[in-house]
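Lettering follows sequence order; numbering is per chain, from 1.
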There are 2 protein chains.
Amino acid sequence: MSNPTILYVEDEPFLGRIVKESLEARNFTVTMVSDGKDAVKKFTDSRPDLCVLDVMLPNKDGYSIAQAIRQSNDKVPIIFVTAKTLTEDVVKGFEAGGNDYIRKPFSMEELILRINNLLRLTQRYGSPSEKIVLSEFEFHPDRYELRHQENVRKLSHREAMLLLVLSQNRNTTVSRKEVLLTVWGDDTFFNSRNLDVYISKLRDFFKPDPAIEIITIKGVGYRFSVDEQA
Amino acid sequence: MSNPTILYVEDEPFLGRIVKESLEARNFTVTMVSDGKDAVKKFTDSRPDLCVLDVMLPNKDGYSIAQAIRQSNDKVPIIFVTAKTLTEDVVKGFEAGGNDYIRKPFSMEELILRINNLLRLTQRYGSPSEKIVLSEFEFHPDRYELRHQENVRKLSHREAMLLLVLSQNRNTTVSRKEVLLTVWGDDTFFNSRNLDVYISKLRDFFKPDPAIEIITIKGVGYRFSVDEQA
DNA sequence: ACAGGCTTTTAACCTTAATTAACATTCCTT
DNA sequence: AAGGAATGTTAATTAAGGTTAAAAGCCTGT
């Protein structure tokens with residue numbers, strides 16, 4: 001992966017700067033926000049690969065930021081930074097959708113390990129060379145091919161990218177925005193209609209298999225439902 | 001997911017038994033090993049979904065077990081249990097291939113959260129959840145489908161979410177506020193009327209089955225009453 | 001350079017879901 | 001029993017998305 005991006009929410013400027021610079025020295029691209037109010041907006045704008053949130057912030061604490069982020073993205077790893085160490089804080093952190101927890105004062109070494117650990121665990125575009133089995137279908141993302149029994153259909157670039165995003169998020173909801181950004185790179189009005197066209201194509205491809213369905217969630221996105229039951 | 005399996009390596013029999021039983025009470029299937037020498041063999045035999053390793057063991061410490069496990073499997077999540085708290089131990093743990101770290105003494109609550117967190121993170125895709133049987137009806141939340149005898153009705157997002165909340169709280173009272181928050185995300189006046197509309201739709205769906213009823217509790221909420229008698 | 005075949009975008013028109021509104025009903029309060 | 005708030009019901013409206021086809025863009029080979 002090339003330069004993972006990190007959203008770092010921290011209100012202490014001194015600590016913040018040190019951490020930001022240390023992370024950048026390790027080739028992370030860091031966006032730092034010092035006011036909790038701006039954090040969620042920055043998140044949706046910059047779509048970082050991982051978030052590091054201080055829990056003690058003016059205006060809005062780390063937990064509520066995490067919850068807000070989870071509204072739009074239930075995958076991005078979140079690490080909480082806290083001064084406290086009580087079990088109930090850890091519990092609260094996990095309940096808010098956090099994935100790890102580090103206590104102040106922490107060593108950069110440890111933070112970096114935890115970041116890399118989470119990035120490795122959540123790497124979604126891990127091995128797109130492998131075939132992806134979707135009920136009766138086989139999708140070869142690297143070859144842009146979709147097989148069904150004896151039929152091999154060559155996919156175009158957009159078709160393949162869209163199917164890849166959906167496959168990687170199968171059985172969960174993926175927002176239109178996310179799809180548009182990964183497949184088209186932006187989410188303007190016209191691309192938006194474009195997506196509709198391609199969704200329609202994919203539905204057509206999968207029509208022969210009732211176990212596969214692309215469910216529309218109006219105003220939100222899609223859910224690629226694949227029923228693996230025999 | 002049905003009953004994740006856990007390999008638990010712990011040499012203190014007293015602690016071990018408590019933890020094993022607590023985990024089993026939460027529907028994990030736990031294999032406990034007390035001697036480090038046997039751990040790796042047990043791992044290859046039982047292919048657990050996750051490992052919990054104490055680092056202080058006779059014969060073979062947790063770190064070397066982790067390294068051995070990583071030889072054959074680089075995906076399975078590993079949690080270390082340790083009495084120490086030094087950064088260098090954490091570093092050592094991650095270097096050995098661990099994914100999380102919990103310090104003795106720990107609360108079961110926290111361990112369970114960390115286990116679930118890692119299982120969720122490593123679960124490649126969302127897994128289809130079970131169908132919900134409601135008297136004569138079958139509700140498939142991830143397919144947005146409601147079956148009654150031969151009829152399959154496709155549900156919209158709001159219909160499905162509302163029905164899900166009600167089913168999960170069947171035969172108990174759910175407040176309007178809770179429903180509004182889970183289905184619509186907020187509970188303003190207009191959404192409130194919206195809920196009435198959808199409740200009306202659901203009642204319509206279930207009209208053919210007298211065992212199912214949505215009871216209004218004025219000023220409070222609803223009770224989704226399902227009589228399971230044959 | 002341009003013809004032919006492809007993919008992608010744009011456009012037009014259609015369908016459906018979600019919201020809002022309007023009016024009816026229930027039920028609690030006094 | 002009257003009045004009012006909460007909810008039920010149905011219909012109208014609005015916005016999102018589905019479908020299909022035509023237009024535009026892009027390679028590739030000659």
Side-chain angles (χ1 to χ4, degrees), chain A residues 72 141 143-146 152-166 173-207 212-225, chain B residues 141 143-146 152-166 173-208 212-225:
Chain A
S72 70
R143 286 193 274 158
Y144 287 20
E145 274 179 13
L146 185 63
V152 179
R153 184 195 291 264
K154 280 253 156 231
L155 300 183
S156 77
H157 181 246
R158 298 264 125 116
E159 287 163 358
M161 292 303 289
L162 174 57
L163 182 52
L164 184 60
V165 179
L166 292 177
T173 301
V174 57
S175 72
R176 278 181 83 82
K177 181 162 185 171
E178 168 94 22
V179 174
L180 285 165
L181 288 172
T182 40
V183 178
W184 276 270
D186 64 17
D187 65 335
T188 56
F189 173 74
F190 276 122
N191 280 335
S192 184
R193 298 318 317 280
N194 224 313
L195 170 56
D196 300 334
V197 172
Y198 277 86
I199 287 285
S200 183
K201 288 187 189 191
L202 286 192
R203 283 196 173 124
D204 209 53
F205 296 172
F206 289 112
K207 202 152 23 184
I212 297 185
E213 217 176 342
I214 303 178
I215 296 168
T216 304
I217 298 165
K218 221 165 173 170
V220 179
Y222 294 96
R223 162 185 278 253
F224 187 48
S225 160
Chain B
R143 314 201 74 207
Y144 287 32
E145 275 178 10
L146 184 63
V152 179
R153 184 194 291 264
K154 288 252 152 236
L155 301 183
S156 80
H157 180 60
R158 299 262 123 116
E159 288 162 358
M161 294 305 287
L162 175 57
L163 182 51
L164 185 61
V165 180
L166 293 177
T173 304
V174 209
S175 71
R176 280 181 80 83
K177 180 162 185 170
E178 174 164 353
V179 174
L180 285 166
L181 287 175
T182 41
V183 179
W184 276 270
D186 63 15
D187 64 335
T188 56
F189 173 73
F190 276 123
N191 280 335
S192 184
R193 297 318 318 281
N194 227 314
L195 170 56
D196 300 332
V197 172
Y198 278 87
I199 287 286
S200 180
K201 288 188 189 189
L202 285 193
R203 283 192 174 127
D204 208 52
F205 296 172
F206 289 112
K207 202 152 22 185
I212 298 184
E213 215 177 342
I214 302 178
I215 298 163
T216 304
I217 299 163
K218 219 166 174 171
V220 181
Y222 295 96
R223 162 186 281 253
F224 187 49
S225 156

**Study point:** Side-chain donor/acceptor of E178(A) to backbone N/O of S175(A), under 3.5 Å
**Key:**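 Absent.
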Practice item. Determine to 10° how strongly the helix from dA1(C)-dT30(D) to dT30(C)-dA1(D) is bent, judged from the axes of its five-pair ends. Key: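 Roughly 30°, once rounded to the nearest ten degrees.
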Check your understanding: Do you know the tightest heavy-atom contact between I215(A) and S225(A)?
Key -> CD1-CB, 4.0 Å
**Study point:** Smallest separation among heavy atoms of L195(B) and Y222(B), with atom names
**Key:** CD2-CE1, 4.2 Å
Check your understanding: Side-chain N or O of W184(A) less than 4.0 angstrom from OP1 or OP2 on dT9(C)?
Key -> yes
Exercise for review: Specify the residues of residues 193-201 of chain A, ordered by number, for which at least one heavy atom lies under 4.0 angstrom from an atom of DNA chain D.
Suggested key: R193(A), D196(A), V197(A), S200(A)
Could you tell me which residues satisfy side chain to side chain contact (heavy atoms under 4.5 Å, CB included) with [X], sequence neighbours excluded, listed by chain and number?
X: T182(B); result: V165(B)
X: S200(B); result: none
X: R153(A); result: L155(A), F205(A)

Kindly give the atom pairs (protein nitrogen or oxygen, nucleotide nitrogen or oxygen) under 3.5 Å for nucleotides 26-30 of chain C.
residue: dT26(C); atom: O2; partner: K218(B); partner atom: NZ; Å: 2.5
residue: dC27(C); atom: O4'; partner: K218(B); partner atom: NZ; Å: 3.2

Practice item. For DNA chain C, find the residues of residues 153-162 of chain B with a heavy-atom distance under 4.0 Å and give them by number; none if there aren't any. Key: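 S156(B), H157(B), R158(B) - these, ordered by number, are the residues of the stretch whose heavy atoms sit under 4.0 Å from the strand.
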Check your understanding: Considering residues at least two apart in sequence or located in another chain, which fulfil the salt bridge (Lys or Arg N to Asp or Glu O under 4.0 Å) criterion with E145(B)?
Key ->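 Checked E145(B) against salt bridge (Lys or Arg N to Asp or Glu O under 4.0 Å); matches are R143(B), R147(B), K154(B).
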**Study point:** Residues in salt bridge (Lys or Arg N to Asp or Glu O under 4.0 Å) contact with D186(B), at least two apart in sequence or another chain
**Key:**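 Residues passing salt bridge (Lys or Arg N to Asp or Glu O under 4.0 Å) with D186(B): none at all.
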Check your understanding: Taking only residues at least two apart or on different chains, which pairs with a member in residues 175-196 of chain A satisfy ring pair (Phe, Tyr, Trp, His ring centres under 6.0 Å)?
Key ->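 Listed by first then second residue: W184(A)-Y198(A).
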Check your understanding: Nucleotide range of DNA chain D contacted by chain A, 5' to 3', under 4.0 Å to a heavy atom?
Key ->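 Going 5' to 3' along DNA chain D, contacts run dA15(D) to dT20(D).
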Practice item. Kindly indicate, with the supporting measurements, whether the criterion salt bridge (charged side-chain N to carboxylate O under 4.0 Å, His left out) is fulfilled by K201(A) and D204(A). Key: CA-CA 5 Å; K201(A) 288 187 189 191; D204(A) 209 53; over 6 Å; no
Review point. Is any side-chain heavy atom of F206(A) less than 4.5 Å from a side-chain heavy atom of L163(A)?
Key: yes
Check your understanding: Is there any salt bridge (charged side-chain N to carboxylate O under 4.0 Å, His left out) pair reaching into residues 188-197 of chain A, and which pairs are they, with sequence neighbours excluded?
Key ->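 Applying salt bridge (charged side-chain N to carboxylate O under 4.0 Å, His left out) to every pair that reaches into residues 188-197 of chain A, excluding sequence neighbours, yields R176(A)-D196(A), R193(A)-D196(A).
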Exercise for review: Rounded off to whole Å, could you give me the OH-to-P distance for the Y144(A) and dC6(C) pair?
Suggested key: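 That distance rounds to 18 Å.
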Practice item. Enter the distance from L164(A):CG to Y144(A):OH here, rounded to the nearest 0.5 Å. Key: 9.0 Å
Review point. Which distance, rounded to the nearest 0.5 Å, do you find between the CZ of R158(B) and the CD1 of I217(A)?
Key: 10.0 Å
Exercise for review: Quick one: label F189(B) by what it contacts on the DNA or RNA (base, sugar-phosphate, nothing), any heavy atom closer than 4.0 Å.
Suggested key: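 Nothing, no heavy atom under 4.0 Å.
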**Study point:** Residue from L180(A), V183(A), L181(A) passing side chain to side chain contact (heavy atoms under 4.5 Å, CB included) with N191(A)
**Key:** L180(A)
